Amino acid sequence: MAAAGHDVQIDHVSHRFADYVAVDDVSLTIDGGGLVALLGPSGCGKSTLLRIIAGFIAQSSGRILFDGAPVDHLPANRRGVGIVFQNYALFPHMTVRDNVAYGLRAQKWERDDIGPRVEEMLRRVHMAQFADRFPKQLSGGQQQRVALARCLATDPKVLLLDEPFAALDKNLRFDMQVEVKRLQHEYGITTIMVTHDQEEALAMADRIAVMSRGRLEQVASPTEIYDRPATLFVNQFVGSTNLLRGELLAQDSNGALVRLDDGTALRAADSKGLMPGAKVVVAVRPEGLVLSDNAVEGARPGRIKTVMPLGPQVAYDIETEDGAALKAVVARSGASGLREADSIVHVAPVSPAACNIFAIE
Amino acid sequence: MPDPVRVRDWNAASLTIAFGIATVLAAIVLIAPSIVILITSFTDSASLKFPPSGYSLRWYRALADADQMQTAALNSLIVAIWTTALSVVLGTGAAVAVSRSRGWKARLLDGLFMSPLLLPALAFGFAALIFIYRIGLRPNLPLLVLGHVIVCVPFVIRTTLAALAQLDPALADASLSLGATHAETFRRITLPLIGRGIGAGGFLAFMASFDNVPVSLFLADERTEVLPIHLWQQIETNLDVRTAAASGVIIVATLILMALAERFAGLTSQMR
């Protein structure tokens with residue numbers, strides 16, 4: 001079944017509403033069959049970009065290309081883009097069957113082909129037994145399955161998912177994420193997902209495009225985005241982080257040496273081309289910190305304020321001597337118990353690679 | 001310690017009682033005249049005295065021979081049907097246009113379309129009559145219908161706008177993205193989902209046209225005399241008891257229509 005998906009190219013697209021720039025010179029290429037997440041806070045322009053790709057709004061400048069051919073002249077109903085809306089947008093006055101058949105009828109499929117196609121799609125999303133129900137008689141997850149079937153029935157070139165899991169509760173969300181990934185893989189359809197939920201993006205996407213204020217901050221694989229964020233914004237938006245201010249002392253082939261404001265020296269793997277003397281902020285993820293009982297080189301002492309056992313991990317809220325708060329997450333090994341609140345620990349980065357340097361603007 | 005479940009709140013209770021009394025009074029004022037006229041219509045005497053000294057159906061039988069009254073009723077029916085049809089078509093179009101546009105233009109248009117509800121219809125009727133004479137026409141049935149449409153179309157616009165506001169814009173987007181044209185989307189998605197709103201507006205427009213006096217007063221000629229004006233004249237000139245019987249027919253017909261509208265269009269829920 002898996003056909004080669006269609007390439008999508010977003011070529012220097014900008015969009016202005018009156019005097020407000022919603023999308024600012026975004027270029028992004030998505031290979032056929034890929035699943036890209038547009039990730040960003042609300043108002044970052046990701047929804048506008050989705051509506052531009054769908055053909056609901058015409059961009060102020062730039063081009064959208066499918067397989068290298070511009071589609072900007074095609075209205076939404078001839079662009080071949082399927083969308084699953086955040087609230088699913090099932091037609092409330094039609095049965096599940098009629099909802100799925102809607103696109104086929106609109107695209108003038110042969111009458112004899114519509115019935116079997118609808119049955120096939122409903123089987124694929126495990127909704128065949130609900131064909132004669134109305135949308136309001138279905139749960140959120142079931143509605144989403146129908147929305148997917150309706151959308152995929154007409155073989156769209158591109159699948160757009162608008163905050164697809166936001167309306168689902170947590171357990172169902174995971175099931176539907178698995179389901180959507182399975183369908184996306186089965187159909188090999190190029191998919192663009194808009195979300196403000198970093199976990200969703202990390203779980204679903206081959207590549208993540210982080211957006212902020214209309215611009216692309218970084219486009220990379222989920223692990224790359226998490227481990228090597230290109231900007232401070234990406235670092236703070238995706239995952240949790242500790243920010244330590246300091247000054248770049250030196251850089252060499254081993255990386256960079258930073259002196260933090262409290263005097264501790266710290267090594268980072270990459271100086272990102274910054275010059276010695278630059279004011280920097282070093283970002284370390286909570287799991288990038290190790291706690292030890294004894295003072296080791298590069299460690300700073302602190303007092304544990306809060307202990308949060310999260311099952312396989314423990315999160316500690318630690319206050320250093322100069323009053324800074326650090327979050328640390330450590331795996332629970334069988335031998336070591338929890339550290340107690342109010343005990344003193346020494347905190348250090350697990351390795352230079354766990355430290356990301358950003359210039360302070 | 002006071003019982004936490006049932007706190008006696010005289011303040012809230014007195015408010016409830018005050019509202020209750022006001023509601024009952026309003027209901028009496030609204031319903032009583034209709035009941036009085038209904039009872040009076042069954043009188044066996046030739047006067048409109050209430051309560052009647054005896055009861056009969058003689059005035060209802062007399063309606064069968066009331067040619068002028070029947071003609072007037074037929075005129076009213078024809079005008080109301082045409083008015084409703086035109087109001088539904090024009091009102092739906094106007095509501096869709098207003099709901100799609102944003103900003104001051106939409107608000108201006110909305111206000112303009114609503115103005116016949118606020119302006120005194122008497123002033124509009126008079127102005128329309130002068131206007132018609134100025135452009136060299138005389139009152140006739142199509143002009144009467146047109147006049148009614150102007151004062152009745154706001155009902156359709158109001159209820160249709162309310163229905164459109166309830167409509168999820170993503171539904172139309174979904175339809176388009178599935179390959180349907182704008183016309184198909186309107187016919188198969190928008191129209192079925194706002195149909196009840198349009199129906200409720202149509203019902204209100206029909207009723208407003210059927211008992212409209214101020215516009216008909218100016219725009220009806222002797223051949224297009226409508227029922228409310230004919231009834232008024234009968235009362236004024238000879239206290240005709242048949243008017244009571246005609247009122248009885250109208251009241252019962254209205255109740256049946258309202259029940260049907262409620263059953264099929266959810267009338268009251270569309271007007272909220």
Side-chain angles (χ1 to χ4, degrees), chain A residues 17-18 47 50-57 74-94 98-109 114 118 121 134-136 143 146-163 167, chain B residues 88 92 95-97 99-108 159-203 261-267 269-270 272:
Chain A
F17 293 112
S47 297
L50 194 82
R51 295 183 68 77
I52 289 171
I53 298 167
F56 292 136
I57 45 181
L74 294 171
N77 55 1
R78 286 172 43 213
R79 206 172 269 201
V81 171
I83 309 176
V84 174
F85 292 86
Q86 181 170 3
N87 60 2
Y88 319 127
L90 295 178
F91 306 130
H93 58 304
M94 295 181 189
D98 286 338
N99 263 282
V100 178
Y102 186 89
L104 303 173
R105 291 188 182 131
Q107 297 187 18
K108 309 281 183 280
W109 275 46
I114 291 178
V118 170
M121 293 313 298
F134 283 91
K136 64 167 182 277
Q143 290 188 32
V146 176
L148 276 164
R150 178 178 74 176
C151 180
L152 293 172
T154 58
D155 267 330
K157 288 181 178 149
V158 179
L159 176 63
L160 304 181
L161 306 171
D162 186 7
E163 302 276 3
Chain B
V88 161
T92 304
V96 168
S99 76
R100 274 189 191 161
S101 42
R102 297 268 173 278
W104 63 272
K105 276 185 220 156
R107 284 203 298 279
L108 186 76
T159 55
T160 307
L161 272 178
L164 283 166
Q166 297 290 312
L167 194 68
D168 179 2
L171 293 176
D173 285 348
S175 169
L176 288 175
S177 74
L178 288 165
T181 61
H182 284 274
E184 269 176 292
T185 301
F186 183 74
R187 193 166 46 80
R188 295 192 55 198
I189 306 298
T190 311
L191 207 51
L193 292 174
I194 62 169
R196 285 164 148 244
I198 297 171
F203 174 75
E262 188 61 46
R263 172 72 183 74
F264 292 109
L267 180 68
S269 64
Q270 294 298 324
R272 275 189 203 122

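Source: prediction; values computed, not measured. Throughout, protein chains are lettered first and strands after them, A, B, ... in sequence-line order, and every chain is numbered starting at 1. All heavy atoms count here, side chains included; hydrogens, waters and symmetry mates do not.
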How close do [X] and [Y] get, heavy atom to heavy atom, and via which atoms?
| X | Y | value |
| --- | --- | --- |
| A:Met94 | B:Arg188 | CE-O, 3.8 Å |
| B:Leu171 | A:Leu90 | CD2-O, 3.2 Å |
| A:Asn87 | B:Asp168 | ND2-OD2, 2.6 Å |
| B:His182 | A:Asn77 | N-ND2, 4.3 Å |

Chain B shares the most heavy-atom pairs under 4.5 Å, among A:Ala54, A:Pro92, A:Gly82, with A:Pro92
Below 4.5 Å, heavy-atom pairs only: which of A:Lys108, A:Arg150, A:Gln86 has the largest tally toward chain B? A:Arg150
I'd like to know which of B:Pro192, B:Pro169, B:Ala174, B:Ala172 tops the heavy-atom pair count under 4.5 Å against chain A. B:Ala174
Turns out that what part of B:Leu193 lies under 4.5 Å from chain A's heavy atoms comes down to side chain
Out of curiosity, A:Tyr102 OH to B:Leu178 CG, how far, rounded to the nearest 0.5 Å? 7.5 Å
Proximal component of A:Phe85, with respect to chain B [non-hydrogen, under 4.5 Å]: side chain
Toward chain B, the part of A:Arg51 with a non-hydrogen atom under 4.5 Å: side chain
